[in-house]
2 protein chains.
Amino acid sequence: MVAYVITREGIYVKRHIYNCQAGCPVESTLQIIAGKWKSVIIYHLLTGTQRFNDLQKEMPDCSRRMLALQLKELQVDGVIQKKVYPVIPVKTEYSLTKFGLTLKPVILAMEVWGKTYNQRASRQVIEN
Amino acid sequence: MVAYVITREGIYVKRHIYNCQAGCPVESTLQIIAGKWKSVIIYHLLTGTQRFNDLQKEMPDCSRRMLALQLKELQVDGVIQKKVYPVIPVKTEYSLTKFGLTLKPVILAMEVWGKTYNQRASRQVIEN
DNA sequence: CCGAATCCTATCTGATACTG
DNA sequence: CAGTATCAGATAGGATTCGG
């Protein structure tokens with residue numbers, strides 16, 4: 001299947017999409033939550049509405065640029081919604097949509113695993 | 001934290017690693033299952049041992065090269081194990097390790113979501 | 001404060017050909 | 001069968017600057 005999708009650069013382009021009818025359900029899920037920071041963003045929004053800078057503080061390794069790009073993709077996918085308050089300086093709030101909330105079990109499963117099996121990653125060979 | 005890790009090209013390099021003690025548990029999980037095909041590979045191995053070509057047939061959109069690279073990373077991370085039978089032609093079998101099996105709840109959550117909310121992706125604008 | 005636009009580089013990834 | 005080697009184009013992602 002081919003569809004027009006928004007790239008990380010915010011441009012709509014033609015792109016191959018995994019077959020969503022007969023395709024692997026895990027691949028379908030990845031369509032939505034793949035991306036370096038998407039699941040982390042969703043995780044932080046599970047606790048409620050957050051402003052742009054709140055998210056940034058909670059994800060110090062994610063640049064402002066990447067945060068904005070990933071937020072835009074999540075918004076286009078209908079996972080999150082954005083509320084802009086026309087004050088000066090601007091204030092924006094992000095929150096999960098009803099649809100986004102359906103991802104909760106997935107993100108929570110990731111949280112549980114991360115808390116438990118954190119230390120097992122064998123790729124960490126040398127530390128400094 | 002800095003550690004020596006294996007890249008997708010199979011080379012060990014120094015790389016920044018998210019703080020694994022105090023860090024976000026979701027980020028920790030992503031350390032292991034992020035990657036274009038990793039969760040899909042784990043998903044297919046949940047049903048049991050698979051050969052290289054079996055996996056390839058189940059993931060037609062993943063090139064042989066990418067499959068090999070992702071398998072190697074998962075192996076280095078201790079998620080899967082590889083058994084090579086010294087016959088001609090060579091036969092290899094991949095299976096989840098005990099550690100890899102702990103990821104089952106995460107992957108199953110993704111499967112459930114994918115089966116249910118598949119069709120909701122709003123990024124699919126045009127189809128042909 | 002919340003981004004968008006631009007520039008530039010590192011990394012990823014597909015295609016193709018080759019090997020034990 | 002199960003990979004690896006190499007190359008080239010595509011994409012990701014940081015730094016910086018600009019604007020409402």
Side-chain angles (χ1 to χ4, degrees), chain A residues 2 5-18 27 30-31 34-38 40-41 44-45 49-76 80-95, chain B residues 5-16 18 27 30 34-38 40-41 44-45 49-76 80-95 123:
Chain A
V2 173
V5 302
I6 195 169
T7 67
R8 316 239 161 164
E9 300 303 328
I11 304 156
Y12 275 86
V13 293
K14 220 173 180 183
R15 181 185 287 177
H16 176 74
I17 293 287
Y18 311 115
E27 290 184 28
L30 285 175
Q31 291 278 122
K36 208 175 175 183
W37 299 103
K38 286 189 187 173
V40 184
I41 292 172
H44 288 304
L45 289 181
T49 296
Q50 302 257 23
R51 299 187 58 181
F52 189 87
N53 267 8
D54 296 336
L55 289 169
Q56 248 214 301
K57 280 169 202 160
E58 291 166 337
M59 303 160 58
D61 290 329
C62 178
S63 68
R64 201 169 32 162
R65 173 190 146 89
M66 282 315 297
L67 182 54
L69 287 172
Q70 302 267 296
L71 283 170
K72 173 177 281 186
E73 284 200 29
L74 286 171
Q75 195 189 344
V76 170
I80 65 173
Q81 56 200 299
K82 173 179 169 181
K83 192 170 184 181
V84 181
Y85 296 87
V87 296
I88 295 174
V90 181
K91 172 181 171 182
T92 59
E93 283 182 350
Y94 291 94
S95 57
Chain B
V5 302
I6 197 170
T7 66
R8 316 238 160 163
E9 300 303 328
I11 304 155
Y12 275 87
V13 293
K14 220 174 181 182
R15 181 186 287 176
H16 176 74
Y18 310 115
E27 290 184 28
L30 286 176
K36 208 176 175 182
W37 298 103
K38 286 189 187 174
V40 184
I41 292 172
H44 288 304
L45 289 181
T49 295
Q50 302 257 23
R51 300 186 58 180
F52 189 88
N53 268 8
D54 295 336
L55 288 169
Q56 248 214 301
K57 280 169 202 158
E58 290 165 338
M59 303 161 57
D61 290 329
C62 178
S63 68
R64 202 167 25 166
R65 172 190 148 87
M66 282 313 297
L67 182 54
L69 287 172
Q70 300 269 295
L71 283 170
K72 175 176 282 186
E73 284 200 28
L74 285 171
Q75 194 189 344
V76 170
I80 66 174
Q81 56 200 297
K82 173 179 168 180
K83 192 169 183 179
V84 181
Y85 296 88
V87 296
I88 294 175
V90 180
K91 172 180 171 183
T92 60
E93 282 182 350
Y94 290 95
S95 58
R123 263 202 287 174

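A note on names: the letters A, B, ... follow the listed sequences, proteins ahead of strands, and every chain is numbered from 1.
Side-chain contact check for Asp61(B) versus Trp37(B): some heavy-atom pair is nearer than 4.5 Å. Using a 4.5 Å heavy-atom threshold, the side chains of Ile41(A) and Gln70(A) count as touching. A 4.5 Å side-chain heavy-atom check between Leu69(A) and Glu73(A) finds every atom pair outside the cut-off. Within the 4.5 Å cutoff, no side-chain heavy atoms of Lys36(A) are placed close to those of Met66(A).
In this entry the distance linking CG of Asn53(A) with P of dG3(C) reads 9 Å, nearest Å. Between the C1' atom of dC2(C) and the CG atom of Leu71(A) lies a distance of 11 Å, rounded to the nearest Å. Distance, Trp37(A) CH2 to dA12(D) P: 15 Å, rounded to whole Å. Going from atom CD of Glu93(B) over to atom P of dC1(D) covers 15 Å, rounded to whole Å. Nucleotide dT4(D) holds its C1' atom 16 Å from the CD atom of Glu73(B), rounded to whole Å. In this structure, Met66(A) places its CE atom 18 Å from P of dA10(C), rounding to the nearest Å. Taking atom CD of Gln56(A) as the reference point, atom P of dC2(C) lies 9 Å away to the nearest angstrom. Rounded to a whole Å, the CD atom of Gln50(A) is 15 Å from the C1' atom of dC2(C).
Residue Phe52(B) has its side chain nearest to dA2(D) when only dC2(C), dA2(D), dA4(C) are considered.
Once rounded to the nearest 0.5 Å, the distance linking CD1 of Ile80(A) with NZ of Lys38(A) reads 10.0 Å. Here Arg51(A) contributes atom CZ and Thr92(A) contributes atom OG1; the two are 6.5 Å apart, rounded to the nearest 0.5 Å.
Contact annotation: Lys72(A) reaches the phosphate of dA4(C) (side-chain N/O to OP1 or OP2, under 4.0 Å). Residue Tyr94(A) has a polar side-chain atom (N or O) positioned under 4.0 Å from OP1 or OP2 of dG3(C). Taking only side-chain nitrogens and oxygens, Thr92(B) comes nearer than 4.0 Å to OP1 or OP2 of dG3(D). Here Lys91(A) does not reach the OP1 or OP2 of dG3(C): none of its side-chain N or O atoms lies under 4.0 Å away.
A heavy-atom distance below 4.0 Å to DNA chain C is reached by these residues of residues 80-87 of chain A, ordered by number: Lys82(A).
In terms of the side-chain contact (heavy atoms from CB on, under 4.5 Å) criterion, residue partners of Thr49(A) (sequence neighbours excluded) are, by chain and number, Glu93(A), Ser95(A). Lys57(A) pairs by the side-chain contact (heavy atoms from CB on, under 4.5 Å) definition with nothing, not counting sequence neighbours. Under the side-chain contact (heavy atoms from CB on, under 4.5 Å) criterion, Glu58(A) pairs with His44(A), Gln50(A), Leu55(A), not counting sequence neighbours.
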What string of B, S and - do you get for nucleotides 15-20 of chain D, 5' to 3', when a contact is any protein heavy atom under 4.0 Å?
B-B--B
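With the end axes of the helix from dC1(C)-dG20(D) to dG20(C)-dC1(D) each set by five pairs, the angle from one to the other reads 50° at 10° resolution.
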Using the rule given for side chain to side chain contact (heavy atoms under 4.5 Å, CB included), can you reason through Phe52(A) versus Lys91(A), listing the C-alpha separation, both sets of side-chain angles and the distance that settles it, and then say yes or no?
CA-CA 8 Å; Phe52(A) 189 87; Lys91(A) 172 181 171 182; over 6 Å; no
